[in-house]
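Take a look at the structure set out below.
We count ligands from 1, going down the list as the structure has it; atoms in each ligand are counted the same way.
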Amino acid sequence: MDKIGPVLVPTKDGSSTLHSSEYNAHYHSIHGAYTESMHIFINHGLRDYLAGKKKPINTPIKIMEMGLGSGLNALLTAESINQQAVDYLGLEAHPITQKATYLSIINSLPHALDNNLIESFWDAPWNAPTKITPVFTLEKRLGKIEDLELTPLSIDIIYYDAFAPESQPHLWQKEVMNSVINWLKPGGYLLTYCAKGSFRRTCKSLGCRLESLPGPPGKREISRFVKENNES
Ligand SMILES: C[S@@+](CC[C@H](N)C(=O)[O-])C[C@H]1O[C@@H](n2cnc3c(N)ncnc32)[C@H](O)[C@@H]1O
């Protein structure tokens with residue numbers, strides 16, 4: 001049987017998101033998709049991490065996103081890095097297949113993104129690193145997080161943007177998180193909107209320090225985990 005693709009939904013800051021009937025979940029906060037992405041992943045992820053980074057800007061930092069979805073977080077990252085080199089791995093199990101759906105999300109943002117960036121992102125092949133700008137390399141990787149194999153201690157920042165624990169509980173439990181946290185470098189960040197106690201305890205037990213931060217509209221707290229120097 002054909003699955004119904006995700007449908008477009010407006011959010012409170014004027015930007016749009018998608019709703020998946022398969023997972024009965026939204027791709028972003030209905031209180032503001034753009035606001036949520038900027039708050040969690042760009043401001044408390046990328047920008048805070050770069051503020052404390054000592055390496056030269058031409059040494060790429062590695063970002064992994066769990067759940068590339070519409071590509072919103074990836075595009076906002078590419079737009080926000082100035083001259084910092086970034087290698088971005090965006091993992092997605094069920095890619096959006098309609099370009100019109102992608103464009104509806106991206107064109108709903110409060111400011112217009114560079115058109116070359118929008119097109120290059122969509123055109124980038126799957127499973128091959130592709131230079132999108134002189135400093136931003138993107139690999140759209142098709143697959144499931146459960147099957148992903150990455151080098152331990154190799155990732156600077158993880159955007160953990162899975163559907164909520166109510167929709168996909170196993171993606172927030174120890175077996176999956178053990179691998180995910182093992183990919184993080186010491187001092188690396190894992191960002192998520194999820195502030196659930198059991199998830200927080202799991203990540204702490206796997207060698208992370210929790211930083212509980214104020215959330216975007218509609219969310220009291222978000223979680224930033226910092227990988228401790230001593231391996232778990
Ligand atoms: C909350 S949405 C991500 C939204 C996305 N970051 C964006 O900006 O549009 C969760 C995403 O995870 C994907 N997904 C679901 N199960 C997955 C799995 N096991 N491995 C990888 N991706 C998965 C979904 O298809 C969906 O695109």
For [atom], what's the nearest protein heavy atom and its distance?
| atom | answer |
| --- | --- |
| atom 12 (O) of ligand 1 | Gly67 CA, 3.5 Å |
| atom 9 (O) of ligand 1 | Ser70 OG, 2.6 Å |
| atom 16 (N) of ligand 1 | Gln168 NE2, 3.0 Å |
| atom 20 (N) of ligand 1 | Ile145 N, 3.0 Å |
| atom 23 (C) of ligand 1 | Met66 CE, 3.5 Å |
| atom 27 (O) of ligand 1 | Glu92 OE1, 2.7 Å |
| atom 10 (C) of ligand 1 | Asp161 O, 3.2 Å |
| atom 19 (N) of ligand 1 | Glu146 OE1, 2.9 Å |

- Query: Mind checking whether His26 has an N or O less than 3.5 Å away from an N or O of ligand 1?
  - Reply: no
Could [X] and [Y] be called an ion pair, given the rule that one side-chain N must be under 4.0 Å from one carboxylate O?
| X | Y | value |
| --- | --- | --- |
| Arg224 | Asp48 | yes |
| Glu221 | Lys219 | no |
| Asp156 | Lys185 | yes |
| Lys140 | Glu65 | no |

- Query: Touching ligand 1 at all, Gly143? Heavy atoms, strictly under 4.0 Å?
  - Reply: yes
- Within-shell test, Leu148 vs ligand 1, heavy atom, strictly < 4.0 Å: no
- Item | Tyr189 and Phe225: CA distance, side-chain angles, deciding distance, ring pair (Phe, Tyr, Trp, His ring centres under 6.0 Å) verdict | CA-CA 6 Å; Tyr189 283 3; Phe225 297 96; over 10 Å; no
- Within 4.0 Å of some non-hydrogen atom of His28, the atoms of ligand 1 are 7 (C), 8 (O), 9 (O)
- Plane angle bin for Phe136 and Tyr88 - parallel if under 30°, tilted between 30 and 60°, otherwise perpendicular: tilted
- So for Ile105 against ligand 1, with non-hydrogen atoms under 4.0 Å, the contacting part is neither
- Message: If you apply the rule side-chain contact (heavy atoms from CB on, under 4.5 Å), what do you find for Phe41 with Leu76, and how did you get there?
- Response: CA-CA 9 Å; Phe41 301 110; Leu76 293 175; over 6 Å; no
- Message: I want to know whether Tyr49 and His44 have ring centres closer than 6.0 Å.
- Response: no
- Residues which pass ring pair (Phe, Tyr, Trp, His ring centres under 6.0 Å) with Trp172, listed by chain and number, not counting sequence neighbours: Tyr160, Tyr193, Phe199
